[in-house]
Amino acid sequence: MQIIDDIKQMQTLGLEARAAGQTLAFVPTMGYLHSGHLSLLEEGRRRGDRLALSIFVNPTQFGPHEDLDKYPRDFSRDEALARSAGVDWLFYPRADDIYPPDYATYVNVTGGLSEVLEGACRPGHFQGVATVVAKLFNIVQPHLALFGQKDFQQLAVIRRMTDDLNLPVRIVGMPIVREADGLAMSSRNVYLSTEHRRQSLAINQALRLATRKVAEGVTSASVVLDSARSRLQAEPDLMIDYLKVCNSTTLQDTAVIDDSALMLIAVKIGSTRLIDNHLLLQSWPGP
Ligand code: PAF
C-alpha cells in the first residue's frame with residue numbers, strides 16, 4: 001500500500017490506472033475506520049482492480065460549534081486497517097492543500113434534497129460535503145465510489161451532484177453495518193459514555209418498532225412516528241433533532257407508508273449527535 005499526500009501524485013496514479021484500463025474503486029472517509037468503512041473497502045476491493053481510500057477530516061462540512069477539533073483521529077490504526085483491507089492507495093492530504101488560502105469554489109446541490117433533515121439542522125454541511133467529494137473525485141479519478149447508507153441524505157446529495165455535473169463516477173450505496181446490539185456503526189460512537197451508549201440503543205429500537213408496526217399492517221406515518229417518538233423519549237438524555245418518515249427519493253415528508261417510506265432519526269445524546277434510518281417496508285436486518 002502506498003500512502004500519498006500529494007494531490008498531483010494521486011491524480012497521476014488515478015489517470016494512469018484509467019489509461020491502463022484498470023477499474024479504480026474509491027472509498028472517501030474522514031478516518032477512524034470501523035466495520036462500516038471496512039464493508040465499503042471489501043466491496044471496493046471486489047469490484048475494482050485498484051482500490052483507493054481517502055482519509056480527510058473535511059473542515060468545510062463542520063459548523064462553527066460542531067466537533068471538528070475533537071473528531072476522532074488515529075492514523076496509524078487506520079493505516080494498519082487499510083493495509084489489511086487490501087487498499088492500494090491511501091490518500092491523506094493536508095487541509096491547506098485541499099483548501100489553500102485563496103480557495104474560492106464551492107459546490108451547492110440546491111433544492112429540497114439538501115435543505116431538509118441534516119441540511120436544516122446543519123446549515124452549510126452539504127455544501128462542504130459536495131465540494132470535497134467533487135474535489136476528491138477530480139483528484140482520485142475513480143470509476144466507482146462507495147458510500148454507506150447510514151448517511152442516507154449524503155448519499156442522495158452525492159448522487160444528485162454526480163448526475164448533475166456529469167461526473168464519470170458510479171455511486172454505490174452500501175447497507176448500514178450495525179453493532180451486535182443494533183447501534184449503527186459510526187466514528188462518533190467512541191464519544192459515548194457507557195450510560196449514553198446504553199440509551200442510544202433507543203434509536204435502532206425505535207426504527208425496529210416502526211418497522212414491526214408496518215409489517216403488522218399500519219400504513220399511517222403518524223402512527224409509526226408516535227411509537228418511535230415514545231421509545232426515544234423514554235431515554236432521559238436523548239434529545240430528538242428530527243424524527244421523520246420521508247419518501248426515500250425526494251426526502252420530503254410522506255403521510256402514507258409505501259415501498260419508498262424511509263424513517264430517519266437524528267438525536268443528540270450529551271454532546272454527541274447520532275443519525276440512523278431504515279426503509280420501513282424492508283425487514284430489519286439481524287436480531
Ligand atoms: O461520510 C463521510 O465520511 C464524509 O462526509 C465524506 C463523504 C468522506 C466527505 O468528507
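In listed order, ligands and their atoms are each counted from 1. Along the sequence shown, residues are numbered consecutively beginning with 1.
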Mind listing the N or O contacts between ligand 1 and protein, cut-off under 3.5 Å?
from	atom 1	to	atom 2	distance (Å)
ligand 1	1 (O)	Q154	NE2	2.8
ligand 1	5 (O)	Q61	NE2	2.9
ligand 1	5 (O)	Q154	OE1	2.7
ligand 1	10 (O)	Q61	OE1	2.6

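- Identified under the ring-ring contact (aromatic ring centres under 6.0 Å, His included) test for residues 120-157, with sequence neighbours left out: none.
- L53 has its side chain within reach of L33: a pair of non-hydrogen atoms, C-beta onward, lies under 4.5 Å apart.
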Name the atoms and distances for all side-chain donor-acceptor pairs under 3.5 Å in residues 209-216, with sequence neighbours left out.
from	atom 1	to	atom 2	distance (Å)
T211	OG1	L207	O	2.7

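- The residue from L165, N166, D164, I158 that alone fulfils the side chain to side chain contact (heavy atoms under 4.5 Å, CB included) condition with T162 is I158.
- Note on residues 11-44: pairs passing ring-ring contact (aromatic ring centres under 6.0 Å, His included), not counting sequence neighbours, are H34-H37.
- Of the charged side-chain nitrogens involved, at least one lies within less than 4.0 Å of a carboxylate oxygen, so that R198 and E195 count as a salt-bridged pair.
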